Protein chains: 2
Amino acid sequence: MIQNSISQPISLEEIKNKLTEYGLKATHQRLVVYDALQKTHLHPSAEEVYTLIHSDNPSISIATVYNTLDSFVEAKLITRVLSEEGKSRYDFNTHQHHHIYLCNTDEIIDYHDPELQKILTAYLKKKKLTNLTIHELQVHIKAEVINPKQKISIQ
Amino acid sequence: MIQNSISQPISLEEIKNKLTEYGLKATHQRLVVYDALQKTHLHPSAEEVYTLIHSDNPSISIATVYNTLDSFVEAKLITRVLSEEGKSRYDFNTHQHHHIYLCNTDEIIDYHDPELQKILTAYLKKKKLTNLTIHELQVHIKAEVINPKQKISIQ
DNA sequence: TTATTTGCAAAAACTTTGCATACGG
DNA sequence: CCGTATGCAAAGTTTTTGCAAATAA
């Protein structure tokens with residue numbers, strides 16, 4: 001099975017603590033946005049986050065969603081995920097991991113593989129990098145789902 | 001030295017042939033856009049391509065640049081490059097290669113490394129992929145330039 | 001000649017900003 | 001209370017589209 005985010009969703013109380021820990025005021029809007037992010041693994045765009053929360057929280061504006069996501073990225077609570085479409089998508093999982101981009105559905109799936117991470121790190125360590133500090137290494141796997149109705153799994 | 005696109009720029013006549021070969025009509029606008037792409041290695045956005053060509057070709061509109069880039073991507077003459085900013089950037093180099101994203105300058109550098117490609121391919125072959133066909137494997141290295149005035153090199 | 005491509009402008013999609021109000025710490 | 005965050009609307013970006021005119025094949 002593909003390991004998406006490994007951890008279980010955390011409670012609203014724990015989100016509150018996490019926000020504070022990262023230097024952010026724990027507002028209702030931020031709790032809601034964070035909760036939506038942790039419950040979906042589809043690396044949503046701002047618009048998609050807005051749609052996810054809107055029926056339960058009609059007063060939260062799209063501008064607030066954008067601002068909230070930006071503040072999360074700045075606080076390093078989430079990251080922007082690489083994408084080929086020209087829009088920002090976000091990743092709740094801040095552990096080093098890889099991504100599988102499904103080109104027939106535009107879905108992005110987390111692929112957690114510490115062994116692969118080690119291999120890459122070791123390989124690049126051998127190379128002489130001049131004038132560069134590496135911050136992150138990630139493999140981007142572009143793939144196609146053969147049967148959209150069946151499950152996807154790795155090993 | 002980092003290997004950017006390995007090949008030398010090709011002549012306008014050769015671009016013409018290439019366009020035809022890929023099923024695209026060889027219009028002046030397309031020749032100009034392709035030529036601009038092959039001469040820069042900075043993975044430009046549509047806007048940047050427009051700026052690059054505009055002084056010599058003031059009659060080519062930004063809409064045409066967008067349409068041209070789209071038609072190139074569709075014809076598989078170029079690819080969209082992954083980016084964290086929410087806009088499309090393009091890559092003239094269609095050979096399998098990796099990218100180094102310089103987070104302090106927003107530049108994207110090609111990193112051509114067939115050995116790394118082999119290691120990755122072999123590693124993933126060992127994994128049991130169910131219901132997926134892999135189209136592309138690429139490593140995305142996020143790095144910071146230590147001294148912006150000095151050259152960057154790998155091995 | 002004919003289907004495709006272009007230029008232009010307008011619309012759509014995506015994102016940021018300014019300012020008065022609300023609210024967490 | 002104080003300063004940050006929000007809501008809203010408006011402005012700014014980025015990208016797409018529709019249509020008449022131009023042009024490659």
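What's counted below: heavy atoms across the whole structure, side chains too, no hydrogens, waters or symmetry copies. All values derive from a computational prediction rather than experimental measurement. Residue numbers start from 1 in every chain, and the chains themselves are labelled A, B, ... in the order their sequence lines are given, proteins ahead of strands.
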Quick check: closest heavy atoms across [X] and [Y], and the distance to 0.1 Å?
X: His98(B); Y: Leu137(B); result: CE1-O, 4.2 Å
X: Ser83(A); Y: Glu85(A); result: OG-O, 2.9 Å
X: Phe72(A); Y: Arg30(A); result: CZ-O, 3.5 Å

**Asked** Looking only at side-chain N and O atoms, does Tyr66(A) come under 4.0 Å of OP1 or OP2 in dT15(C)?
**Response**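 For Tyr66(A), the contact criterion (side-chain N or O under 4.0 Å from OP1 or OP2 of dT15(C)) is met.
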Nearest-Å distance, [atom1] ([X]) to [atom2] ([N])?
X: Asn57(B); N: dG7(C); atom1: CG; atom2: C1'; result: 14 Å
X: Leu24(B); N: dT5(C); atom1: CG; atom2: P; result: 7 Å
X: Tyr50(A); N: dT15(C); atom1: OH; atom2: P; result: 15 Å
X: Arg30(A); N: dC23(C); atom1: CZ; atom2: C1'; result: 12 Å
X: Ile62(B); N: dA10(C); atom1: CD1; atom2: P; result: 17 Å
X: Lys87(A); N: dT15(D); atom1: NZ; atom2: C1'; result: 12 Å
X: Asp70(A); N: dT16(C); atom1: CG; atom2: C1'; result: 9 Å
X: Glu48(A); N: dT15(C); atom1: CD; atom2: C1'; result: 15 Å

List the atom pairs, donor and acceptor, that lie under 3.5 Å between side-chain atoms in residues 119-127 of chain A and the rest of the protein, sequence neighbours left out.
unit_1, atom_1, unit_2, atom_2, d
Thr121(A), OG1, Gln117(A), O, 2.7
Tyr123(A), OH, Lys127(A), NZ, 3.4
Tyr123(A), OH, Asp113(B), OD1, 2.9
Tyr123(A), OH, Asp113(B), OD2, 2.9
Tyr123(A), OH, Glu115(B), OE1, 3.4
Lys127(A), NZ, Asp113(B), OD2, 3.4

**Item:** Contacts of Glu47(B) that satisfy side chain to side chain donor-acceptor pair (under 3.5 Å) - sequence neighbours left out
**Value:**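 Checked Glu47(B) against side chain to side chain donor-acceptor pair (under 3.5 Å); zero matches.
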**Message:** Restricting to side chain to side chain donor-acceptor pair (under 3.5 Å), what partner residues turn up for Tyr50(B), sequence neighbours left out?
**Reply:**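 Listed in chain order: His54(B).
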Between the protein and nucleotides 22-24 of chain D, list the N/O to N/O atom pairs that are separated by less than 3.5 angstrom.
none

**Asked** How are the rings of Tyr101(A) and His140(A) set relative to one another: parallel (under 30°), tilted (30 to 60°) or perpendicular (over 60°)?
**Response**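 Tyr101(A) and His140(A): parallel rings.
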**Position toward the 5' end of DNA chain D (nearest nucleotide), Ser88(B) or Lys16(B)** =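 Going by which nucleotide is closer to the 5' end, it is Ser88(B).
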**Message:** Tell me whether Ile78(A) shares a hydrophobic cluster with Ile53(A), the cluster being built from Ile, Leu, Val, Met, Phe, Trp, Tyr side chains joined at under 4.5 Å.
**Reply:**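 Yes; Ile53(A) is reachable from Ile78(A) via cluster members.
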**Item:** Helix axis bend for the helix from dT1(C)-dA25(D) to dG25(C)-dC1(D) - C1'-based end axes, five pairs, 10° rounding
**Value:**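 The helix from dT1(C)-dA25(D) to dG25(C)-dC1(D) shows an end-to-end axis angle of 50°.
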**Message:** Are there over 12 heavy-atom neighbours, none belonging to Glu74(B), within less than 6.0 Å of that residue's CD?
**Reply:**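 No, not enclosed.
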Please list, for nucleotides 7-9 of chain D, all pairs of protein and nucleotide N/O atoms separated by less than 3.5 Å.
unit_1, atom_1, unit_2, atom_2, d
dG7(D), OP1, Gln29(A), NE2, 3.0
dG7(D), OP1, Ser59(A), O, 3.0
dG7(D), OP2, Thr64(A), OG1, 2.6

**Message:** Checking Asp35(B) against Gln38(B): is there a side-chain donor and acceptor pair closer than 3.5 Å?
**Reply:**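 Gln38(B) vs Asp35(B): donor-acceptor pair found between side chains.
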**Request:** Check whether the ring centres of His99(A) and His43(A) lie less than 6.0 Å apart, and answer yes or no.
**Result:**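 That pair passes the under 6.0 Å test.
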